[in-house]
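Computed from a predicted model, the values in this text were never measured in an experiment. A note on names: the letters A, B, ... follow the listed sequences, proteins ahead of strands, and every chain is numbered from 1.
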Amino acid sequence: MSEPERLHPTVMAMIVTRDFRDGDVVNLGVGLPLECANVLPPDREILLHSELGILGFGPVITDHTQADPYVMMVGNLPVTANPGMVFTSHDESFALIRGGHLDVTVLGGLQVDQECNLANTQFEGKPAGNLGGAPDLAYGAKRTIVLMHHTTNDGQFKVVERCTLPLTAPRCVSRIVTDVGVMDIEGGAVVLKETAPGWDPERIQGITGARLVIADDVHEVTL
Amino acid sequence: MSEPERLHPTVMAMIVTRDFRDGDVVNLGVGLPLECANVLPPDREILLHSELGILGFGPVITDHTQADPYVMMVGNLPVTANPGMVFTSHDESFALIRGGHLDVTVLGGLQVDQECNLANTQFEGKPAGNLGGAPDLAYGAKRTIVLMHHTTNDGQFKVVERCTLPLTAPRCVSRIVTDVGVMDIEGGAVVLKETAPGWDPERIQGITGARLVIADDVHEVTL
Amino acid sequence: MVRPQRGRSGPLINKIVATFDDAVADIADGATVHFGGFASPFNSPSYLVAAVARQGATDLTAISTSMGRGLASADQQSRWLPPELRPRDFFDIGLLAELGRIRKGITSFAVGARHDWVYPFEERLAAGEAEVEVLGQGSLAERIRAARAGIAAFYTPVGPGTDVARGKEVRDFDGVPHVLETALKADFALVRAYKADRYGNLIFRGARTFNETMAGAAAVTIAEVDEVVDLGELRPEQIHTPGVYVQRVVVRPSQPVTSWGTAL
Amino acid sequence: MVRPQRGRSGPLINKIVATFDDAVADIADGATVHFGGFASPFNSPSYLVAAVARQGATDLTAISTSMGRGLASADQQSRWLPPELRPRDFFDIGLLAELGRIRKGITSFAVGARHDWVYPFEERLAAGEAEVEVLGQGSLAERIRAARAGIAAFYTPVGPGTDVARGKEVRDFDGVPHVLETALKADFALVRAYKADRYGNLIFRGARTFNETMAGAAAVTIAEVDEVVDLGELRPEQIHTPGVYVQRVVVRPSQPVTSWGTAL
């Protein structure tokens, strides 16, 4: 029995961004989280932040001729210069993060556990890791959302009872959006709130390493 | 027997500034120390700093019509905007001070003792004091020069064996320039190096609360 | 099942507040407030101070580089300007001290710098009606910056060997004694800037003093500005304070209002 | 007796150095060096890195947000630009790792972010020829800023509960655990800026990354700039880094030099 289709990254990003309010200050990690920059309606005023010192940028630029190499986010991706944009130093950028001035951070994840711990630094087979800005972001933002595939390429669980990889940040994750559903971590449990079309809770539990609590009002994802 | 004439503040300032080298970064306190800004030859490039966040200013402006209220140093004194001037915040201004980026600070003093301690915060008769920027300046500058009258208005000693007033900063003063001479503090002793015209060492000792060591080459002040 | 995202869900960002009285209306008795500037009519958040005076909040902890001169300020602080240019709308926190609103000052300049200069806060102190914590400007600025930056405490080499270090932890780093100082976060920060946009981005004119330092070091930062410009007019490289540090912006009146009692 | 002060006693301030090779000539083996930028051809001090490679200093402690990709950098990092605009003169500290010059890295990105991206420093690490200290970018930036600001150490809430806090003091403030981090001062800081004047005042273009953070956090800060302008051309409000933080300035060549081995 083949598994149902998983959610497209664009849809995953739309699930994350549907709750953003105008004025929210949101840091987007590289990879999947950055998709969020591209699905925000242009009439919304969400201030996007990237830790190298840019705040208030718009969508990723795909037309190379329009790219300004001085307006880019982490990962050397050129982004749109929105009115009201600000540049800072790295130390001020993290003053802003650590000082509690971010509303949301959307991070990628390798493992998230039911104690809200996040591991997103790859150590396996590597002599060291890459912490990047995630430790500060996960601590400093009022809300940390992890946006990731529900399992690894080779089918290993990423939503787990207890992270086995080194922690990037402890007790920080409030929501997990994956390609099969939406989970909130509440009171030490992973609560399944929304499911991708065709994915019932049992099937999601089957690819999840933590026991899922099924929300009373669990429903198919809406945008 | 009336005492010889004391040095004019302008001359005192010239004694301080004669050792400045081009490129020196110098903070000037209010009061007597500020005289230094006015005696620097215009062809010298000494970068004057004031702790509210201005670096690289020129002489105090006396022609009111030329004053720019946005270019002023501590004490609300308008100063000249030299090319290359920079404005900063207060925190960056003190990062610069504390971080060791100042060559010289010229401070006023109420008492200086032979252990290089400085007291320049008035407490007598007041319910509290004014520390201002002096604690950081005296610590952070490579060299702290105190520019002050040798005695108080009512004849009390200001160069003393041990400060009796609360300390502003410990073990910081390297040179004292007063209206009767120049003293360096070396190895726990106040060493008299230069004397004002008409003031011999004995007479200076007579108005000094610490035992003066007379330098072998003590001489009349030169500019 | 997956439907397209709907449009706008709320108002555009607009931090401009119509009046100074509105801007400070929610400062409660007992609040801790950063007051920016550096004792000058040209960098003091004068109209915000006056609005706090009108609003009546009392029992305040005031964090400010100096405790102010009170109503005599404008003349004394700008005596070097031609009389016709002297601002008549300078109010500093001495006004709040005069009105008995300040329970505690955290400051670098607690009193008049001469025996015959006696300022309102000093009189309150002498009368036992207020308390004060005096520290050097560098430690004051760094403690405020730490609050903005989410740093709980830091070790500075400035303070050991003086009264400032009393009761505080002193520890050696590389053989040099350092004193532990903690972050000074406030409920409100009142700052003065030159231009702002509706996002709250600020630029300053002249030395940025404690205005830049304090912006973002409080739950609510309120900026008093000379001018509000269109979004995009302030260039991203030139903005000193990112708007995310600022919650409210109020524009100064085009003509000076010389009485602090005037609703504005 | 009191004679008028004599005239000039030394040269005017001029921090402009003629060549990159001159600028880095005194970096000794074993030095600790801040490398600015953030993995982009447009904010990396590329020509300074190349000059250090030519100069030969080894056994370096390199402080940098990432440990670099080495000679493959330019293509990989600017693949989103039209080929004709891709800089061919991007050198990052991966070059120094390739040459075996780095004994220790202090960084946030020690390795390639994918299994199949294996960078030079990572190979050295795997071979036991280098060591590394990995920490989050916020703590890295703050430790460097602390060095610039003369702060010995600080307590940050970021790190407790993770490997970063191992062996470090953890202390509660307001019930939240904080880890003690110390200042990271270097012998040299190599930074990239946009414009400079002869005082060493700098302005940056775009995000200022670690370039602004590191300027002033070393005994000697060297700035690689696109352009030197006349003194006074940079407005005092717009200068990002005061010249007192900068000891040397070198101008980038007007035409890209694509080989790191070319004396410059």
Side-chain angles (χ1 to χ4, degrees), chain A residues 30-31 50-55 57 60-62 64-65 67-78 81 86-98 117-119 121-140 166-172, chain D residues 38-43 65-67 76-82 85 87 105 107-115 118 121-123 125-127 132 134-142 144-145 148 156-164 194 204-214 240:
Chain A
V30 288
S50 186
E51 52 264 46
L52 74 166
I54 178 171
L55 173 67
F57 61 87
V60 173
I61 289 177
T62 50
H64 285 179
T65 64
D68 177 345
Y70 293 94
V71 183
M72 60 182 186
M73 64 153 282
V74 169
N76 283 295
L77 287 163
V86 188
F87 295 128
T88 71
S89 68
H90 238 95
D91 54 298
E92 196 64 43
S93 178
F94 278 88
L96 191 154
I97 293 169
R98 201 194 301 106
N117 295 311
L118 170 66
T121 304
Q122 180 59 278
F123 282 81
E124 287 196 295
K126 292 276 191 179
N130 290 337
L131 283 172
D136 294 84
L137 288 161
Y139 169 82
L167 295 189
T168 307
R171 300 182 176 283
C172 56
Chain D
F38 190 78
S40 157
F42 298 95
N43 59 35
T65 184
S66 88
M67 294 310 292
Q76 292 181 31
Q77 297 281 38
S78 50
R79 59 194 184 286
W80 42 266
L81 276 181
L85 290 184
T107 188
S108 289
F109 296 95
V111 298
R114 286 179 20 181
H115 280 287
V118 178
F121 184 71
E122 188 175 344
E123 294 173 341
L125 274 184
V132 71
V134 179
L135 63 163
Q137 275 189 90
S139 295
L140 181 65
E142 187 69 7
I144 297 165
R145 187 262 170 196
R148 184 178 88 220
T156 171
V158 179
T162 74
D163 290 348
V164 164
Y194 179 40
F204 299 89
R205 189 171 169 190
R208 299 196 282 279
T209 71
F210 276 93
N211 289 311
E212 184 180 12
T213 301
M214 289 171 169
H240 295 119

**Prompt:** If every non-hydrogen atom of D/Gly136 is compared with every non-hydrogen atom of A/Leu131, which pair is closest and at what distance?
**Reply:** N-CD1, 3.7 Å
**Message:** If you apply the rule side chain to side chain contact (heavy atoms under 4.5 Å, CB included), what do you find for A/Lys126 with D/Leu125, and how did you get there?
**Reply:** CA-CA 9 Å; A/Lys126 292 276 191 179; D/Leu125 274 184; over 6 Å; no
**Request:** Output the distance between atom OG1 (A/Thr121) and atom CG (D/Asp163), rounded to the nearest 0.5 Å.
**Result:** 9.5 Å
**Spacing of OG1 belonging to D/Thr209 relative to CZ belonging to A/Phe87, to within rounding of 0.5 Å** = 11.5 Å
**Fill in**
So, the part of D/Asn211 with a heavy atom under 4.5 Å from chain A: the answer is neither
**Asked** If you round to the nearest 0.5 Å, how far is CZ of D/Phe38 from CD1 of A/Ile54?
**Response** 12.0 Å
**Item:** Close side-chain approach of A/Arg98 to D/Thr156, heavy-atom, < 4.5 Å
**Value:** yes
**Prompt:** Under a 4.5 Å heavy-atom cut-off, does chain A meet the side chain of D/Val134, its backbone, both or neither?
**Reply:** both
**Request:** Specify the closest pair of heavy atoms between A/Leu167 and D/Gly161, including all atoms of both residues, with the distance to one decimal.
**Result:** CD1-O, 3.7 Å
**Complete:** What one should report as the nearest heavy-atom pair of D/Phe109 and A/Gly132 is CZ-CA, 3.3 Å
**Message:** Could you go through D/Gln137 and A/Leu137, starting from their C-alpha distance and side-chain angles, then the distance that decides it, and tell me whether this counts as side chain to side chain contact (heavy atoms under 4.5 Å, CB included)?
**Reply:** CA-CA 10 Å; D/Gln137 275 189 90; A/Leu137 288 161; over 6 Å; no
**Request:** Mind checking the CG-OG spacing from A/Asp136 to D/Ser108? Nearest 0.5 Å is all I need.
**Result:** 8.5 Å
**Message:** Which atoms of D/Arg145 are under 4.5 Å from chain A, going by heavy atoms: the side chain, the backbone, both sets, or neither?
**Reply:** side chain
**Request:** Could you tell me which non-hydrogen atom of A/Pro170 sits nearest to which non-hydrogen atom of D/Thr162, and how far apart they are?
**Result:** CD-CG2, 3.8 Å
**Request:** Pick one of side chain, backbone, both or neither for A/Leu52, based on which atoms fall under 4.5 Å of a heavy atom in chain D.
**Result:** both
**Message:** Test your reading of the model: is there a side-chain donor-acceptor pair from A/Ser89 to the backbone of D/Arg208, 3.5 Å cut-off?
**Reply:** no
**Asked** Under a 4.5 Å heavy-atom cut-off, does chain D meet the side chain of A/Ser50, its backbone, both or neither?
**Response** neither
**Message:** To check you understand the geometry: which heavy-atom pair defines the closest contact between D/Glu122 and A/Pro127, and what is its length?
**Reply:** O-CG, 3.7 Å
**Prompt:** So what's closer than 4.5 Å to chain D heavy atoms on A/Met72: side chain, backbone, both or neither?
**Reply:** side chain
**Fill in**
Bottom line for A/Val74: the part with an atom under 4.5 Å from chain D's heavy atoms is both
**Request:** Would you please test A/His90 and D/Glu212 for side chain to side chain donor-acceptor pair (under 3.5 Å) and show each step?
**Result:** CA-CA 8 Å; A/His90 238 95; D/Glu212 184 180 12; over 6 Å; no
**Message:** Which atoms of A/Ala95 are under 4.5 Å from chain D, going by heavy atoms: the side chain, the backbone, both sets, or neither?
**Reply:** neither
**Request:** Examine whether an atom of D/His115 lies under 4.5 Å from a heavy atom of chain A, and if so say whether it belongs to the side chain, the backbone or both; otherwise answer neither.
**Result:** both
**Message:** Quick check on D/Arg114 against chain A: is it the side chain, the backbone, both or neither that has a heavy atom closer than 4.5 Å?
**Reply:** backbone
**Asked** Side chain, backbone, both or neither: which part of A/Tyr139 has a heavy atom under 4.5 Å from chain D?
**Response** side chain
**Prompt:** Are any non-hydrogen side-chain atoms of A/Asn130 and D/Val111 less than 4.5 angstrom apart?
**Reply:** yes
**Request:** Please work out whether the ring planes of D/Tyr194 and A/Tyr70 are parallel, tilted or perpendicular, with thresholds of 30° and 60°.
**Result:** tilted
